[in-house]
Amino acid sequence: MRSRLLSIAIYLAAGASGLLALLYPFFQPALQAGAAAPGQLRAGEMPMLMTLLLGLCVVVLLAEAQGQALSTRLVALLGVLVALNSALRFLETAIPGPGGFSPVFFLIILTGYVFGGRVGFLMGALTMLVSALVTGGVGPWLPGQMFTAGWVGMSTPLLRPLVRFFRPRSAMPASHLTPEVLILAVFSVGWGFLYGGLMNLWEWPFIAGPQAQSWQAGLSLLDGLQRYAVFYLVTSLAWDLAAAAGNLLLMLAFGAPALRALLRFRQRFTFSYARTAEQGGVGRPASLVEQA
């Protein structure tokens with residue numbers, strides 16, 4: 001119960017703080033599009049947001065360390081996965097793909113799905129932080145990227161009831177394109193568009209442009225949504241279409257073997273922990289999936 005309450009508190013803090021940072025410009029009546037460059041306005045927020053984000057990451061790591069006897073192995077695995085994902089983003093920067101294609105969300109989604117929302121949040125946020133340091137991509141946009149990528153990993157456990165509906169968890173089908181992989185593929189397509197849409201909101205209120213595409217103080221919610229829809233269709237749809245298509249292809253091509261590898265790690269962790277409990281260790285739930 002304590003672990004579940006802590007998870008809920010972490011999810012609420014990550015969601016509420018990110019949404020507040022993302023949406024507060026829309027509630028400032030004096031803010032006018034084009035009044036200053038988006039980078040100048042967001043740069044002043046960066047120290048506070050980075051402190052908040054890194055504090056959240058530390059809290060999540062402490063929760064993992066205190067709540068599970070297998071935490072050291074899991075944290076070590078998370079470090080390897082973050083390093084691997086950061087290297088993939090470095091390759092993406094060195095050899096740009098089409099549009100918004102990025103290989104990093106593939107592992108973020110799978111890690112969150114297998115190891116739970118808290119680990120998924122860490123995977124997303126730390127991937128963006130470490131890869132930004134590696135590629136020189138540190139800027140006012142970084143907190144937004146960390147929050148949004150963290151939400152990607154944090155949301156993937158929501159797929160588990162749907163997967164259980166189509167496939168009992170005890171069954172491990174040998175087919176490559178299982179219902180589980182197909183559900184993850186559709187989910188990754190959705191985040192291909194949603195990630196781009198959320199990151200647009202990070203700067204859209206500050207951008208001057210045609211009246212039909214720009215936000216202005218005093219707009220109703222419906223008018224604001226209509227203008228943003230036009231802005232998105234004109235500036236971002238093709239870019240995010242490439243991101244969604246890339247996520248889909250990666251998940252269909254490599255989702256099954258990567259999922260099996262991560263599940264083997266999880267099963268070895270839980271098996272090792274169960275043996276420790278049987279030999280007199282402190283008894284805690286052996287299933288990471290149920291704990292998450």
Side-chain angles (χ1 to χ4, degrees), residues 64 68-89 91-92 101-124 126-127 130-131 149-150 152-192 243-277 284-292:
E64 292 298 323
Q68 298 169 5
L70 48 83
S71 59
T72 54
R73 297 180 182 180
L74 184 57
V75 170
L77 176 62
L78 178 64
V80 171
L81 292 174
V82 168
L84 177 60
N85 234 15
S86 301
L88 289 176
R89 198 172 184 209
L91 291 176
E92 170 201 339
F101 168 76
S102 175
V104 299
F105 295 102
F106 170 74
L107 275 179
I108 293 173
I109 289 171
L110 289 180
T111 301
Y113 175 72
V114 172
F115 293 103
R118 296 192 305 220
V119 178
F121 177 80
L122 284 174
M123 181 66 181
L126 294 179
T127 289
V130 175
S131 63
V152 175
M154 193 169 65
S155 63
T156 51
L158 297 175
L159 298 176
R160 291 173 181 167
L162 184 60
V163 169
R164 284 198 298 268
F165 178 79
F166 287 102
R167 179 187 66 82
R169 188 180 299 167
S170 58
M172 288 294 294
S175 173
H176 186 66
L177 293 181
T178 65
E180 190 171 30
V181 172
L182 293 176
I183 290 170
L184 287 165
V186 173
F187 183 80
S188 67
V189 169
W191 264 114
N247 289 348
L248 175 65
L249 293 175
L250 286 173
M251 193 62 71
L252 292 179
F254 305 109
L259 186 59
R260 284 195 294 269
L262 291 174
L263 285 171
R264 278 198 297 270
F265 274 109
R266 191 194 69 189
Q267 289 163 359
R268 292 182 65 180
F269 290 166
T270 54
F271 175 73
S272 176
Y273 180 71
R275 285 183 54 190
T276 301
R284 290 195 181 103
S287 171
L288 272 174
V289 172
E290 294 302 326
Q291 288 185 45

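Predicted model only: the values in this text are computed from it and were never measured.
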Inset, instruction - Could I get the full list of side-chain contact (heavy atoms from CB on, under 4.5 Å) partners for Phe187, not counting sequence neighbours? - result: Ile109, Ser155, Thr156, Leu159, Trp191
Inset, instruction - Could you pull out all residues at least two apart from Ser102 that satisfy side-chain hydrogen bond (donor to acceptor under 3.5 Å, both in side chains)? - result: Glu92
Legend entry - Shortest non-hydrogen separation from Ser188 to Met251 and the atoms involved: OG-CB, 4.2 Å
Inset, instruction - Measure the spacing between CD1 of Ile108 and CG of Leu126 and express it to the nearest 0.5 Å. - result: 10.0 Å
Inset, instruction - Heavy atoms only: give me the nearest Phe105-Ala149 pair and the separation to one decimal. - result: CE2-CB, 4.4 Å
Inset, instruction - Tell me, please, which residues at least two apart from Thr111 pass side-chain hydrogen bond (donor to acceptor under 3.5 Å, both in side chains). - result: none
Inset, instruction - Of all the heavy-atom pairs spanning Leu107 and Met123, show the shortest one and how long it is. - result: CB-CE, 3.9 Å
Inset, instruction - Please report the closest heavy-atom contact between Gly192 and Ala243, naming both atoms and the distance. - result: O-CB, 4.1 Å
Legend entry - Contact summary for Arg160 and Gly116, nearest pair of heavy atoms: NH2-N, 3.3 Å
Inset, instruction - Flag the pair Leu263 / Arg260 as yes when at least one side-chain heavy-atom distance between them is below 4.5 Å, and no otherwise. - result: no
Inset, instruction - Using a 4.5 Å cut-off on heavy atoms from C-beta on, say whether the side chain of Leu252 contacts that of Leu182. - result: yes
May I have the list of side-chain donor-acceptor pairs in residues 79-87 shorter than 3.5 Å, sequence neighbours left out?
{"unit_1": "Asn85", "atom_1": "ND2", "unit_2": "Val104", "atom_2": "O", "d": "2.8"}
{"unit_1": "Ser86", "atom_1": "OG", "unit_2": "Val82", "atom_2": "O", "d": "2.8"}

Legend entry - Chi angles and distances behind the side-chain contact (heavy atoms from CB on, under 4.5 Å) call for Phe115, Leu77: CA-CA 11 Å; Phe115 293 103; Leu77 176 62; 3.5 Å; yes
Inset, instruction - Look up atom CZ in Phe165 and atom CD1 in Ile183, then write down how far apart they are to the nearest 0.5 Å. - result: 10.0 Å
Inset, instruction - Measure across Ala258 and Phe106 and return the closest heavy-atom pair with its distance rounded to 0.1 Å. - result: CB-CZ, 3.7 Å
Inset, instruction - Find the distance between CG (Leu262) and CZ (Phe265) and round it off to the nearest 0.5 Å. - result: 7.5 Å
Legend entry - Spacing of CG belonging to Leu184 relative to CD belonging to Glu180, to within rounding of 0.5 Å: 6.0 Å
Inset, instruction - For side-chain contact (heavy atoms from CB on, under 4.5 Å), just list the numbers for Phe254 and Leu110, CA-CA rounded to whole Å, side-chain angles, deciding distance to a tenth of an Å, and then say yes or no. - result: CA-CA 11 Å; Phe254 305 109; Leu110 289 180; over 6 Å; no
